[in-house]
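See below for the structure under consideration.
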Amino acid sequence: MKITTCRFHVSATRPQDFPRDGRPQIAFMGRSNVGKSSLLNRLLGARGLARTSKDPGRTRAINFFSVNERLYFVDLPGYGYARVPDVVREQWRGIVDAYVAEPGCPDLAIHLVDSRHEPTDADRDLDAWLDGLGVRCLTVLTKIDKLSGNEKSRVLREAARRAGGHAPLAVSASTGDGIPALWRVIDEVCESETLRAAAGDGPGARAVIQGGRTIP
Ligand code: GDP
């Protein structure tokens, strides 16, 4: 997809704030520091845009970016700070729960995992939770440029084993590696959601996407 316009849309702290205009919504989630802002900026070619999400007051909100006035990138607050008070963790669950409870939200959840680290319990919990809700989900390994060729092969093999044999996506916001492949998956989801909306159907049956393949 060629990006023509991209703008910050809204910082939602309550379900009333979520956009409900039927445009496809692609959500990004992962532990703090996983490289989410860098990846969003790289995908959008808009340096500093996703930093908006780090402004105080917006860090516990869901931030929506309108892309080409056609779809939304949805920046979910990071999780996994070891020492956050329970009340903050509850707030995260509260707003994110409310979001995924919306019909068809998101159309695709992109779960970011740092390629240098094993998935944590929080990562596994997130996968199981999304799976239980039937949310269409894609795991993407970040900062792949930090690995040597051998390490990269090993990490990709292990991630594929965890994902049941499907090739995972690996990206680098620094070098741009894997960005076109990730855009292809996003494009595919947007096309299918747009066609479904044009046909007057409701949100599609939720499915799992792994390594760019949709498994109905
Ligand atoms: P966020 O907290 O998930 O939004 O993470 P950031 O995008 O702020 O990135 C956290 C740190 O990782 C920053 O120092 C980034 O410069 C670095 N970083 C993010 N993506 C990459 C990447 O693809 N390659 C490398 N080498 N560093 C990255």
Side-chain angles (χ1 to χ4, degrees), residues 3 6-13 25-65 67 72-85 88-89 91-93 95-96 99 106 108-127 129-130 137-156 158-159 167-186 211-212:
I3 308 296
C6 171
R7 60 179 177 82
F8 176 73
H9 181 70
V10 71
S11 192
T13 52
Q25 301 195 7
I26 310 295
F28 294 80
M29 54 185 80
R31 304 185 70 207
S32 315
N33 222 33
V34 73
K36 183 157 52 84
S37 313
S38 307
L39 177 62
L40 282 170
N41 287 330
R42 182 82 198 205
L43 283 167
L44 297 172
R47 203 167 298 199
L49 185 66
R51 245 205 341 259
T52 319
S53 313
K54 292 192 169 177
D55 293 348
R58 285 184 172 156
T59 47
R60 307 248 64 85
I62 298 185
N63 296 297
F64 291 80
F65 299 90
V67 181
Y72 292 105
F73 272 13
V74 185
D75 184 2
L76 293 175
Y79 64 89
Y81 279 123
R83 281 187 285 282
V84 296
V88 174
R89 208 170 283 136
Q91 278 170 10
W92 185 90
R93 277 300 294 258
I95 187 78
V96 178
Y99 177 64
L108 173 65
I110 296 182
H111 179 190
L112 304 175
V113 178
D114 192 319
S115 58
R116 296 166 302 168
H117 308 303
E118 289 287 305
T120 62
D121 286 347
D123 287 318
R124 277 187 282 271
D125 286 352
L126 181 66
D127 282 341
W129 181 55
L130 291 171
C137 192
L138 169 69
T139 297
V140 171
L141 305 175
T142 61
K143 307 187 191 179
I144 201 71
D145 60 285
K146 293 221 178 196
L147 300 186
S148 69
N150 280 347
E151 286 170 327
K152 187 174 166 180
S153 313
R154 181 182 57 78
V155 161
L156 284 170
E158 282 172 12
L169 283 187
V171 298
S172 165
S174 297
T175 65
D177 204 13
I179 299 295
L182 181 51
W183 260 122
R184 276 196 293 279
V185 178
I186 295 171

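Bear in mind that the values here come from a model prediction, so they are computed numbers and not experimental data. One-based numbering, in listed order, for ligands and for the atoms of each.
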Problem - Parallel, tilted or perpendicular: rings of Tyr72 and His9 (30°, 60°) - result: tilted
Practice task
Give, for atom CZ of Phe28 and atom CG of Asp75, the distance between the pair rounded to the nearest 0.5 Å.
Solution key: 8.5 Å
Check residues 144-151 and write down every donor-acceptor pair under 3.5 Å in which the side-chain atom is one partner and the other belongs to a residue at least two apart or another chain.
from   : atom 1 : to     : atom 2 : distance (Å)
Asp145 : OD1    : Ser172 : OG     : 2.8
Ser148 : OG     : Glu151 : N      : 3.3
Ser148 : OG     : Glu151 : OE1    : 3.3
Glu151 : OE1    : Ser148 : N      : 2.9

Exercise for the section: With heavy atoms of Ser38 as the reference, note each atom of ligand 1 found under 4.0 Å away. Expected result: 6 (P), 7 (O), 9 (O), 15 (C), 19 (C), 20 (N)
Practice task
Say whether Thr142 and ligand 1 are in contact under the criterion: heavy-atom distance to a ligand atom below 4.0 Å.
Solution key: no
Please set out all donor-acceptor pairs under 3.5 angstrom arising from side-chain atoms of residues 176-185, sequence neighbours excluded.
from   : atom 1 : to     : atom 2 : distance (Å)
Asp177 : OD2    : Lys152 : NZ     : 3.1
Trp183 : NE1    : Leu43  : O      : 3.1

Practice task
Looking only at distances, please establish whether an N/O atom of ligand 1 is found under 3.5 Å from an N/O atom of Ser32.
Solution key: no
Handout entry: Ligand-residue contact atoms, ligand 1 with Asn33, heavy atoms, under 4.0 Å
Key = 1 (P), 2 (O), 3 (O), 5 (O), 10 (C), 11 (C)
Practice task
Enumerate the atoms of ligand 1 whose separation from the nearest heavy atom of Asp145 is less than 4.0 angstrom.
Solution key: 22 (C), 23 (O), 24 (N), 25 (C), 26 (N)
Fill in the blank from the handout: One finds that the ligand 1 atoms under 4.0 Å from a non-hydrogen atom of Ser172 are 23 (O)
Practice task
Give the intermediate values and the outcome of salt bridge (Lys or Arg N to Asp or Glu O under 4.0 Å) for residues Asp127 and Arg124.
Solution key: CA-CA 5 Å; Asp127 282 341; Arg124 277 187 282 271; over 6 Å; no
Handout entry: Side-chain donor-acceptor contact under 3.5 Å, Asn41 with Ser38
Key = no
Exercise for the section: Would you check the N or O atoms of Val171, main chain and side chain alike, for any that come under 3.5 Å of an N or O of ligand 1? Expected result: no
